[in-house]
Novice: 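Can you read through this structure? Questions will come right after.
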Amino acid sequence: MIQKALVIGASGGTGQAITRELIKEKIPVKIFGRDQSKLKKMFPGQEIAIGDAFNYQDLINALNDDQIDTVFQTAAIPYSQTVEKQLPLAENIMKAVAAAGKKIVFVDGIYAYGDAGQIVTEDYIGQPKSKKGKIKKALTDLIFSPAYRKTQPILLRYPDYFGPGARKSSYLGGTLISIAAGKTSFYIGPKKIKREYIYLPDAAEMSVKIASDPHAYGQIWNLPGQKISGKKIISISQQIVNKHRPVISLNKLLIRMIGIFDKNVAEIAEMYYLTIRPVYLNGEKYKKHFGKIIKSDIKDALNTTIKSYQGKN
């Protein structure tokens, strides 16, 4: 069981979902972030710690709470700064959590698996060739390095995600935001290929379930989503808004052209292989220990997500 949690990055899509799940489960939670007014608006009445995750002392101050035993690291950095800032951020957080004597649950994605193009288990050792993939593999090594053994780390691997609060931090977010607004939108990669997407409330429920089991620590856990084509996602989403504006597939060339004006889009080019050779997460380990993979009905999940973008829930 979790006695009390600190959520780092609670204002982001993943952090919001995990915080709401902790509250739903009546687990005491402190939320950590830089924008006090934003956090108060999102989570009225909740305990807040203001600080920067890059600032060691800010983290130590937030962790100076005898009740806190578990830290959820969900803080994200701008996509274009992944190579430069991912490891310094992680090292700062791991040092603070280790110094405070807490456990950590670290949320990350699939880039460390490299160009696997297949279903992968937690034991799969990827050989990433992309800059981001190499950084994510180094991140895994950092989290499980002997220096941080006392944090008993859990590393949760999510596929690409969507859901309320998940905006342009995910490949699918920008597509759904534009569809929700009734505008022409873009979809990254071929629409016909089935890729894996996880609905953030489902991911959060499974994440908290894993973190509540003392036997789950010191391990990597895959959290599979749903395999679905972009064509079907777009069709369902357009039916929800009752508008059928064009959705343009972005190939590698178009991504590079748009990237001239948008650094974050430019960085997608090196990861484009995932849109044509998807990596799928094997969920047998989760099912063995926790039962059925949680998968909301895709229409209900997309409806809730789109309505949240339209300010209707």
Novice: Are any non-hydrogen side-chain atoms of L139 and F106 less than 4.5 angstrom apart?
Specialist: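 Answer yes - side chains close enough.
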Novice: Is it the case that more than 12 heavy atoms not belonging to I27 sit under 6.0 Å from its CD1 atom?
Specialist: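 Counting neighbours around CD1 of I27, more than 12 heavy atoms of other residues, nucleotides or ligands fall under 6.0 Å, so yes.
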Novice: Could you tell me which non-hydrogen atom of F32 sits nearest to which non-hydrogen atom of A53, and how far apart they are?
Specialist: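 Answer, listing the atom of F32 first, then A53: CE2-N, 3.7 Å.
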Novice: Determine yes or no for a side-chain-to-main-chain donor-acceptor pair under 3.5 angstrom, with Q226 supplying the side chain and S296 the backbone.
Specialist: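 Checking the backbone N and O of S296 against the side chain of Q226, a donor-acceptor pair under 3.5 Å is found.
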Novice: State, with a plain yes or no, whether a side-chain heavy atom of V247 is found less than 4.5 Å away from one of K191.
Specialist: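 Sidechains of K191 and V247: in contact.
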Novice: Is there a side-chain contact between T140 and I220 in this structure, where contact means two heavy atoms from C-beta onward sitting under 4.5 Å apart?
Specialist: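 They are in contact (side-chain heavy atoms under 4.5 Å apart), so the answer is yes.
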Novice: Verify salt bridge (Lys or Arg N to Asp or Glu O under 4.0 Å) between K129 and D115, making sure each step is shown before the conclusion.
Specialist: CA-CA 8 Å; K129 294 181 174 60; D115 190 0; over 6 Å; no
Novice: List the steps, then state whether side chain to side chain contact (heavy atoms under 4.5 Å, CB included) holds for I210 with L223.
Specialist: CA-CA 10 Å; I210 291 170; L223 295 188; 3.6 Å; yes
Novice: So, do L254 and F186 sit near enough that their side-chain heavy atoms are less than 4.5 Å apart?
Specialist: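 Counting from C-beta outward, L254 and F186 never come under 4.5 Å.
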Novice: Check I154, L6, T151 against I104 for a side chain to side chain contact (heavy atoms under 4.5 Å, CB included) and give me the one that passes.
Specialist: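 That would be T151; it is the only one of I154, L6, T151 passing the side chain to side chain contact (heavy atoms under 4.5 Å, CB included) with I104.
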Novice: If you measure from CZ on F290 to CG on D213, what distance do you get to the nearest 0.5 Å?
Specialist: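 Going from CZ on F290 over to CG on D213, the span is 4.5 Å.
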Novice: By the definition salt bridge (charged side-chain N to carboxylate O under 4.0 Å, His left out), identify the one residue from K132, K134, K252, K131 that meets it with E270.
Specialist: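 Exactly one candidate clears the test, K132.
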Novice: Looking at every non-hydrogen atom in both residues, tell me the closest pair between Y217 and A211 and how far apart they are.
Specialist: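 Minimum heavy-atom separation between Y217 and A211: OH-O, 2.7 Å.
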Novice: Indicate if I298 and L172 have the same hydrophobic cluster label, given that clusters are the connected sets of ILVMFWY residues with side-chain heavy-atom separations under 4.5 angstrom.
Specialist: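 I298 clusters together with L172.
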Novice: Among Y187, Y79, Y161, whose side chain to side chain donor-acceptor pair (under 3.5 Å) with Y171 holds?
Specialist: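 Going through Y187, Y79, Y161 one by one, the side chain to side chain donor-acceptor pair (under 3.5 Å) with Y171 is satisfied by Y79 alone.
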Novice: Do I193 and T275 come within less than 4.5 Å of each other through their side chains, counting heavy atoms only?
Specialist: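 Counting from C-beta outward, I193 and T275 never come under 4.5 Å.
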Novice: Looking only at the side chains, is there a donor atom on one of N303 and K299 sitting less than 3.5 Å from an acceptor on the other?
Specialist: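 There is no such pair (donor and acceptor under 3.5 Å, judged by atom type) between the side chains of N303 and K299.
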Novice: Identify whether NZ of Lys or CZ of Arg in K227 sits under 6.0 Å from the centre of the six-membered ring of Y280 and within 45° of that ring's axis.
Specialist: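 Yes, a cation-pi geometry.
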Novice: Linking I/L/V/M/F/W/Y whenever any side-chain heavy atoms sit under 4.5 Å apart, do M257 and I248 land together?
Specialist: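 Same cluster.
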Novice: Looking only at side chains, do S170 and Y197 share a donor and an acceptor under 3.5 Å apart?
Specialist: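 There is no such pair (donor and acceptor under 3.5 Å, judged by atom type) between the side chains of S170 and Y197.
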Novice: So how far is it from F43 CZ to T19 OG1, rounded to the nearest 0.5 Å?
Specialist: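 Taking CZ in F43 and OG1 in T19, the distance rounds to 4.5 Å.
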Novice: Roughly how far, to the nearest 0.5 Å, is CD of E25 from CD of E205?
Specialist: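 The CD atom of E205 sits 7.0 Å away from the CD atom of E25.
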Novice: Same cluster or not: are L250 and L253 linked, directly or through other Ile, Leu, Val, Met, Phe, Trp or Tyr residues, by side-chain heavy atoms under 4.5 angstrom apart?
Specialist: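 Linked, L250 and L253 end up in one cluster.
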Novice: If hydrophobic clusters are built from ILVMFWY residues whose side chains come within less than 4.5 Å, do M206 and I119 share one?
Specialist: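 The answer is no; the residues belong to distinct hydrophobic clusters.
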Novice: So which atom in R157 and which in G109 form the shortest heavy-atom distance, rounded to 0.1 Å?
Specialist: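 For R157 versus G109, the nearest heavy atoms are NH1-O, 3.1 Å.
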Novice: Any donor-acceptor pair under 3.5 Å linking the side-chain atoms of S37 with those of D35?
Specialist: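 Note: D35 and S37 side chains meet the donor-acceptor criterion.
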Novice: Determine, step by step, whether F162 and Y199 satisfy the ring-ring contact (aromatic ring centres under 6.0 Å, His included) criterion, reporting the C-alpha distance in whole Å, the side-chain angles of both residues, the deciding distance to 0.1 Å, and the verdict.
Specialist: CA-CA 5 Å; F162 70 98; Y199 181 48; 5.4 Å; yes
Novice: Donor-acceptor pair, S235 side chain versus K232 backbone, under 3.5 Å?
Specialist: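 No.
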Novice: Is the closest basic N to carboxylate O distance between K102 and D69 below 4.0 Å?
Specialist: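 Salt bridge flag = no for D69 with K102.
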Novice: I need the minimum non-hydrogen distance between P128 and Y111, along with the two atoms involved.
Specialist: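 Nearest heavy atoms, P128 then Y111: CB-O, 4.0 Å.
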Novice: Flag the pair K287 / E284 as yes when at least one side-chain heavy-atom distance between them is below 4.5 Å, and no otherwise.
Specialist: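 Contact flag for K287/E284 side chains = yes.
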Novice: Where do I2 and F72 land on the side chain to side chain contact (heavy atoms under 4.5 Å, CB included) test, with the steps shown first?
Specialist: CA-CA 11 Å; I2 301 170; F72 286 86; 4.0 Å; yes
Novice: Got a donor-acceptor contact below 3.5 angstrom from the R245 side chain to the K183 backbone?
Specialist: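 Looks like no, no N/O pair under 3.5 Å.
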Novice: So do H289 and H215 actually touch side chain to side chain, heavy atoms under 4.5 Å?
Specialist: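 H215 vs H289: side chains apart.
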Novice: At what distance, to the nearest 0.5 angstrom, does CD1 of I60 lie from CG of N92?
Specialist: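 Reported to 0.5 Å precision, the distance equals 9.0 Å.
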Novice: Take T82 and E267 through the side chain to side chain contact (heavy atoms under 4.5 Å, CB included) test and state the conclusion after the steps.
Specialist: CA-CA 9 Å; T82 300; E267 290 295 321; over 6 Å; no
Novice: So do the side chains of E47 and K4 get within less than 4.5 Å of each other, counting heavy atoms only?
Specialist: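 Yes, their side chains come closer than 4.5 Å.
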Novice: Using every non-hydrogen atom in the two residues, find where S11 and M42 come nearest and quote the distance to one decimal.
Specialist: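 The answer is O-CE, 3.4 Å.
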Novice: Could you tell me whether a side-chain N or O of E21 sits under 3.5 Å from a main-chain N or O of V208, the two making a donor and an acceptor?
Specialist: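 Answer holds: no.
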Novice: Could you report the tightest heavy-atom contact between P159 and G225, atom names first, then the distance?
Specialist: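 Closest approach of P159 to G225: CG-N, 4.0 Å.
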Novice: Taking atom types as modelled, is there a side-chain donor on N222 or Y113 under 3.5 Å from an acceptor on the other?
Specialist: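 Y113 and N222 do have a side-chain donor-acceptor pair below 3.5 Å.
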Novice: Look at atom CG of D66 and say whether more than 12 heavy atoms of other residues, nucleotides or ligands are closer to it than 6.0 Å.
Specialist: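 Counting neighbours around CG of D66, 12 or fewer heavy atoms of other residues, nucleotides or ligands fall under 6.0 Å, so no.
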Novice: To the nearest 0.5 Å, what is the distance between CG on L200 and OG1 on T14?
Specialist: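 Result: 5.0 Å between the selected atoms.
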Novice: Atom CD in E122, atom CG in L156: separation rounded to 0.5 Å?
Specialist: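 Reported to 0.5 Å precision, the distance equals 10.0 Å.
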Novice: Treat each ILVMFWY residue as a node, draw an edge where side-chain heavy atoms are under 4.5 Å apart, and state whether I125 and L142 are in one component.
Specialist: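 No, I125 does not connect to L142 through the hydrophobic network.
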Novice: Under the criterion side chain to side chain contact (heavy atoms under 4.5 Å, CB included), I'd like the reasoning laid out for I8 against T74: C-alpha separation, chi angles, the key distance, then a yes or no.
Specialist: CA-CA 6 Å; I8 300 173; T74 70; 5.7 Å; no
